[in-house]
Each structure stands twice: as structure tokens, then as C-alpha cells.
Amino acid sequence: MLPLLKNELRLRVGPQACEASLWRAGWPARCTGAATARGGAGVALELALGTLIADGHELPRRASLCADDEFLYYATLPANGSFNDSVAQARAHFTAMLDADDWLVLTHLAPCGRIWLAVAIAAELVDGWRATLAERGVELRHVRAALFDDIWRLRAELPKGEGLVVLLRREGVMMVGLRQGVIVDIAWERCAVDDAAVLRARVQGHRELLSFELAESAENAELEQSSVQPLPLPLILPVFVAAADAAQQAEVATLAAGQGWQWLSLPSDSYA
């Protein structure tokens, strides 16, 4: 972790809320204030900034923003070329998929080093956040994707073999499939996370689909190396879950225990 050279406003914006925190430069960086506001993305951002100011804080001149997955489109791309190659490949992918080119595209190398995680976000959305901050004299310097942040922080806890990682959000879940510790599948499932039956069905459905695909892939690999027909490979993926916060984890705790899901921890402060 590098020292923070300048004071910074850190934001996490979702479709229902905004979390804002003020960080003082130094080693280590120190949080000097925080605020959470409810509402639409633009409204919540305005309210969070207003709360910080009302509490007597002076806003830094620079900000970084983490956008929740509800705003984003993701893809996995093979890490065959350079970073510039990955951006060009991702831009072509999303332009074809979304039938538009007014999207900002980011790529991030997965912890395994073999896959580029690519993400697209509407330029109009980022421009709105930038304008809101500019009215307060704050420059938006960086925009990050929630999935990228969480995968990086959880990298030491992710399974080294096969597994399904379920990241709980406010309006759905992000599913990340792993094979031999490598990300092979990313899927967004919009659903009522607070409905145990719905959440169980979505996770179980994706678990079964991914299990079948991984088993089929393993069988094909064996067939390429042998003329003997292999037996079907039984594969039941373990499920690893990370909640948005302690309150959400408490809501899902009974379901997770009954299903045998394993909890992954996130830092108490998502911007540490």
C-alpha cells in the first residue's frame, strides 16, 4: 500500500446510497470524517457532500469514486497482450454488445494474472458525478469498479481451486466463477437480496450451471489427452459469500449457514 500524498475525498456510489469519507494524507492515511446518504445516485452524492460540510469539514480538492456493480457491464478477456491492447479489445467488445460507443471502458488484471477484467460505464453517468463534485470545487480524479476493488481485497481469501464467489449488493448479486483459482465467469443477477428464497434460487441456479460447465470442460481436456472415455466428473462447487456490510451479513446469516456457504470478510472500511 502506497502512502496517500494528498488529502482525498473517497466515495462509493450505488443506486440507493452514497458513502463518503475524508482522508488526510500521510503514512498511514487517516480518515477524518464520513457520511452516508440515501437516495438516487445523484441525490445521495449531493446529500453526502452536504452532510460533510454541515459537520464542519472542508472538502479536499480531489476525489476518487467507486461505482457499484448495478451501474456497470463486465466481461472477461484473455490477458494475451499489453494493457493498451486490453483497453482496445474491451472497447470493441462493449461497443458491439451495447450497440453504442458512449461508454467509458476500464480494464484490470485479475489476481491470477491470466485474465483481464473489463468494465464499461455510461459516460453520461460519470459526467454527472464529475459536475456535482466540480460545483463544490472538487476534481474527480479516479473512477473504479466495485467488483475490481472487492476481488483485489479478497484475493488472499479466494479459493485456489474451484468455487463460486457471491458478492452481495443492494439490488442483486455479482457471481464470480473460479477454476483452479482463475476467474472464468462473471455474471450479474438482479434480484431481491433480502428475500431468502429468491437469493437461494439464484445462487443455486448459477452454481449448478457453472458446475456443469466446469465438469464438461474438464472432461473435454481429458479426452484430448486420452482415447479412453472418462467417467462423468462429479463437481459440486463450494460457495463463498461476501456481504456489503455487517447488517446485510446478519440478514443472510441463517440462509448461508443452512446452505453451507462460507463467508469471506471485507474490511470494515471499504476504502482502507
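When reading the values below, keep in mind they use all heavy atoms of this one structure, side chains included, and skip hydrogens, waters and symmetry mates. Keep in mind that this is a model prediction, so the values were computed, not measured.
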Asp245 bridged to Arg170 by N-O distance under 4.0 Å: yes
Taking distance alone, no hydrogens or angles, what donor-acceptor pairs closer than 3.5 Å link side-chain atoms of residues 37-63 to residues at least two apart or in another chain?
| residue | atom | partner | partner atom | Å |
| --- | --- | --- | --- | --- |
| Thr51 | OG1 | Leu47 | O | 2.9 |

How long is the gap from CH2 on Trp129 to CG on Leu11, to the nearest 0.5 Å? 9.5 Å
Flag the pair Arg91 / Trp103 as yes when at least one side-chain heavy-atom distance between them is below 4.5 Å, and no otherwise. no
Could you check Trp23 against Ser21 for side chain to side chain donor-acceptor pair (under 3.5 Å), going step by step and ending with a plain yes or no? CA-CA 7 Å; Trp23 288 79; Ser21 57; 2.9 Å; yes
How would you list, by chain and number, every residue that makes a side-chain contact (heavy atoms from CB on, under 4.5 Å) with Ala187, sequence neighbours excluded? Met175, Asp185, His206
Can you tell me how far CG of Leu147 sits from CD1 of Ile186, rounded to the nearest 0.5 angstrom? 5.0 Å
Quick one: are Val166 and Trp261 in side-chain contact, heavy atoms under 4.5 Å? no
Once side-chain contact (heavy atoms from CB on, under 4.5 Å) is applied, do any residues pair with Arg207, and if so which ones, sequence neighbours excluded? Leu164, Gln204, Ser211, Ile236, Leu237, Val239
Check residues 246-254 and write down every donor-acceptor pair under 3.5 Å in which the side-chain atom is one partner and the other belongs to a residue at least two apart or another chain.
| residue | atom | partner | partner atom | Å |
| --- | --- | --- | --- | --- |
| Gln248 | OE1 | Ala244 | N | 2.7 |
| Gln248 | NE2 | Arg169 | O | 3.0 |

Give a yes or no on whether the backbone of Leu65 and the side-chain of Arg141 come within a donor-acceptor separation of less than 3.5 Å. no
Steps toward side chain to side chain donor-acceptor pair (under 3.5 Å) verdict (Gln180, Glu162): CA-CA 5 Å; Gln180 297 179 359; Glu162 283 65 42; 4.8 Å; no
Would you say Trp188 and Leu72 make side-chain contact, with heavy atoms under 4.5 Å? no
Mind checking whether Tyr74 and Asp69 have side chains closer than 4.5 Å, heavy atoms only? yes
Rounded distance [0.5 Å steps], CG in Asp68 versus CG in Leu167: 11.0 Å
Side-chain polar contacts of residues 113-128 - donor-acceptor pairs under 3.5 angstrom, sequence neighbours left out - could you list them?
| residue | atom | partner | partner atom | Å |
| --- | --- | --- | --- | --- |
| Asp127 | OD1 | Arg130 | NH1 | 3.3 |

Return the orientation label for the Phe148 and His108 ring planes: parallel under 30°, perpendicular over 60°, tilted otherwise. parallel
Closest heavy-atom pair and its distance - Pro159, Gly163: CG-CA, 4.4 Å
Can you name the residues that form a salt bridge (Lys or Arg N to Asp or Glu O under 4.0 Å) with Arg24, not counting sequence neighbours? none
Val173 vs Leu199 side-chain heavy atoms within contact, under 4.5 Å: yes
Is the count of non-hydrogen atoms from other residues, nucleotides or ligands lying under 6.0 Å from Tyr73 atom OH greater than 12? no
